[in-house]
Amino acid sequence: MQKKGGDTRIAPSEPALRIIMRRLREIMAEPSDGQSRLDKIVRQIAGLMVAEVSSIYLKRQDGSLELFATEGLNPGAVHNTLLKRGEGLVGRCAELAVPINEPDAQNHPAFSYRPETGEEIFHSFLAVPVLRGGEVLGVLTIQNKTQKEYSDEDVEVLQTTAMVLAEHLVTGAVAAANTSAQFSRAIGHVVRGQPLSEGLALGHAVLHDARVVVTEVEAKDPDAEARRLETAIAELQASIDEMLEQGDLSASGEHRDVLEAYRMFAHDRGWLRRMKEAIGRGMTAEAAVERVQNDNRSRMPRQADAYWRERLKDLDALSDRLLRVLSGSPRAHASIASLPHDAVLVARSMGPADLLDYDRSRLRGLVLEDSGRQSHVAIVARALGIPAIGDARGVMERVDQGNPIIVDAETGEVHIRPSSGVIAAYGDKARFRARRQRKYRALRDRPAVTRDGQRIELHINAGLEMDVPHLAQSGADGIGLFRTELQFMVSATLPRLEQQTQMYRAILQEAAGKPVVFRTLDVGGDKALPYLRQPVEENPALGWRAIRLSLDRPGLLRTQVRALLRAAAGQPLRLMLPMVTTVGEVDMAHALIDREVQLMDRRGVAGPAEVQVGVMIEVPSLLYELDALLPRVDFASVGSNDLMQYLFAADRNNTRVAGRYDALSASPLRALAAIAHAAKRHSRPLGLCGEMAGRPLEAMALIGLGFRSISMAPASIGPVKSMVLSLDVGKLERWLETTLRTAEGSLRGRLKVFAEEQGVEI
Ligand code: PEP
Ligand code: MG
């Protein structure tokens, strides 16, 4: 390991680590109370790491951090110094769950000065999170008077110490702040999350506890540990191979790509090497797995790069699996016989393979604390048709094994220990849902025509091959947005020309003549591809993405356009450019597409009957250049998800601000009306393909503004069509035009009243 400048310690890390491990063991073996043990631990750390200060902060129930023990700071501060969630460098370490190494902490903007500690004389500061099972239990710090950056070895020693400390904290061998307050288990709870896979489930909770507690850290016989690791890895690989052979998953589809990528991870040499290196430093096989897993977790970027976050989660789930193999019980759950017939799985997070461990005939639903729609487990849950909710914060703390639980993947609500009234209401809801689904199915082949005779085109959004059958099932008019990047994101390597051509051809075939709008790659920003080198950006949403990246790296776009032209031979091809900001970008993309068409002609390769090029309107700059833009394109579609994010300057992925502004406010509605008027002026077909198109009230407003084509999730087609069939557009247009002239703020309430008065089904 490399030494960084400023380190004055001469002793190599290995002995320091070994000595600390031995001392920790001795401290735990001595008869003593929890507080005295913590006091001894900080004293040992300070001594062995030549630090003037060593402190332990533990997390309280409310998320604040309490100074529990210190060597070097004012002893009077113990149990008196409290840091609010995220406060100071210690709070930041806990929030981000990463080490913080600051040579001059005093002058760091996040430093929070606490006079009672007497820490003003210390400059250098190193904090590591005390992590267990992905949860931050506290923070372990060291400080020195001199300004220096701590070495990688120091970080390593402190992290390993924190790992051992975490195990003792949960076994109760040392005092812990967050075990005191108890949740009331008697009353029911509602946890809100994000629907991942459609449906409603009533059942009993099965906690998926993937964790194995690692108690032995130090290896007695390193060679034997290395052999144990190798045997366990071989067993892990074999079990995943076996799982992939299962009948109902063997068909191709996106879930298959996800599982193949998962299998590749189990063979990843870098991962295996790092674990072996940890064993080489004197750890047991289990400790080595956990050590590398903790490193991975701290690398899991919090906001950026959704793709890599997903991959690191796969690796995390694989590590849990490997720990279970080492412990002799490879599956996360008890025997199949003990699984209730109406099991609802509840987990912090889960790898796609973990879900497949369970008997699917008994699985009713799935609730995850921290997985989003594009998580790999969500993709597999959708493929299996299991209702699922992700991003359900706090659910693990509130639910016990066997609790009655309801998963409402329509609203994103999880009801834990619901009252008999709630269960009865959900029973009704389930019956109502079945009736409603029957009604929507009956509408499937009816065209969406309003009461006053206006035909509204309803399209679906898709991105994976397995989404395409929804086109026929929903009775939609076409695919209004095919997000091609999703295929690239779930592939481990760049899909080649032939592979892309085959996929696009399969999609067009499945669409059976209905129109499909292929959006060219919308990658970059937080949609990163592992095989594409990309700079780290401070503001990925405003960064090098979509058309910007495609024009700078034309090879990618050229191959994709070529594949699309070939796939659409003999039929119309509709291409759509994402994130266009200036008309110049449209001209450049046009030139590239034209060159490819000419090249095909010259080579005598069969091309499409017609190529239509459209743009997404999702950057506000285009609003003031519509008269230059629209004549250059064959059609346009508003990407309202991005357009709203940029109009309101509110990050669509940041839950604190994403829901703060209403898309049905006067200001964005005026922007949408201006786009609709311009499209009419230039006789260009216009659509909208953001989330708002799938909500009946929002869809009603869009139609009132002049939109005649909208694209949405397949499950929204039924509800939106039933709204369209009950709508009189003429009345709505007149009302909306007058109202918008003077309106301010949100029009949601007034639109609802309009719908109720006019008998529109929303
Ligand atoms: C949008 O921005 O509204 C859109 C449809 O594109 P995406 O959600 O893929 O950014
Ligand atoms: Mg967009």
Side-chain angles (χ1 to χ4, degrees), residues 194-195 254 303-307 372-374 378-379 457-464 467 476 478-490 516-529 539-550 560 574-581 585-586 589 614-623 635-654 658-659 661-664 668-669 671-672 675-676 686-695 698-699 701-702 705 707 709-714 716 720:
Q194 188 196 13
E254 248 28 78
Q303 300 121 0
D305 209 321
Y307 177 88
R373 258 198 92 72
Q374 295 313 327
I379 290 173
E457 283 183 27
L458 303 182
H459 296 263
I460 60 164
N461 292 345
L464 303 168
D467 295 337
I479 299 182
L481 168 67
F482 192 93
R483 294 175 161 107
T484 58
E485 65 275 7
L486 292 189
Q487 171 69 24
F488 283 70
M489 288 167 76
V490 296
V516 180
V517 177
F518 289 98
R519 178 170 75 183
T520 60
L521 276 180
D522 185 5
V523 294
D526 61 348
K527 293 181 195 166
L529 304 180
N539 290 304
L542 305 180
W544 193 52
R545 50 174 290 202
I547 192 81
R548 302 170 183 178
L549 188 149
S550 294
Q560 186 179 34
R574 293 168 183 85
L575 289 176
M576 182 156 69
L577 308 170
M579 271 284 290
V580 168
T581 310
E585 289 166 347
V586 178
V615 279
M616 291 202 69
I617 301 183
E618 43 189 355
V619 180
S621 65
L622 286 186
L623 292 177
F635 63 93
S637 184
V638 177
S640 55
N641 303 336
D642 276 318
L643 186 63
M644 295 300 152
Q645 119 162 309
Y646 298 130
L647 276 176
F648 287 121
D651 180 352
R652 61 192 264 191
N653 294 321
N654 178 345
Y661 307 99
D662 192 351
L664 292 181
L669 291 182
L672 292 169
I675 299 171
L686 173 70
L688 183 142
C689 55
E691 299 292 317
M692 67 186 292
R695 298 188 204 110
E698 277 83 342
L702 291 169
L705 294 173
F707 285 79
S709 171
I710 48 180
S711 192
M712 62 203 78
S716 296
V720 171

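Numbering of ligands and ligand atoms starts at 1, following listing order. Numbering of residues begins at 1 and proceeds along the displayed sequence.
Annotation for ligand 1: atoms under 4.0 Å from non-hydrogen atoms of Ser640 are 3 (O). Listed by number with element, the atoms of ligand 1 under 4.0 Å from a non-hydrogen atom of Gly639 are 1 (C), 2 (O), 3 (O). Atoms of ligand 1 lying under 4.0 Å from at least one heavy atom of Cys689, given by number and element, are 5 (C). Of all the atoms in ligand 1, the ones that sit under 4.0 Å from a non-hydrogen atom of Gly690 are 3 (O). Close contacts between ligand 1 and Leu481 involve ligand atoms 5 (C) [criterion: under 4.0 Å to a heavy atom].
Counting heavy atoms closer than 4.0 Å to ligand 1, residue Arg483 contributes side-chain atoms (C-beta onward) but none from N, CA, C or O.
Note on ligand 1: Arg519 sits in its first shell, one or more heavy atoms being nearer than 4.0 Å.
In this structure, Met644 CE and Glu691 CD are separated by 12.0 Å, a value rounded to the nearest 0.5 Å. Separating the CG atom in Leu643 from the CG atom in Leu672 is a distance of 6.5 Å, to the nearest 0.5 Å.
In Asp642, the N, O or S atom that comes nearest to the Mg ion (ligand 2) is OD2. Among heteroatoms of the N, O or S kind in Glu618, OE1 lies nearest the Mg ion (ligand 2).
Look at Asp522 and the Mg ion (ligand 2): no N/O/S atom of the residue is under 2.8 Å from the metal.
Among the candidates Leu705, Ile617, Leu688, Leu622, the single residue satisfying the side-chain contact (heavy atoms from CB on, under 4.5 Å) test with Ile675 is Ile617.
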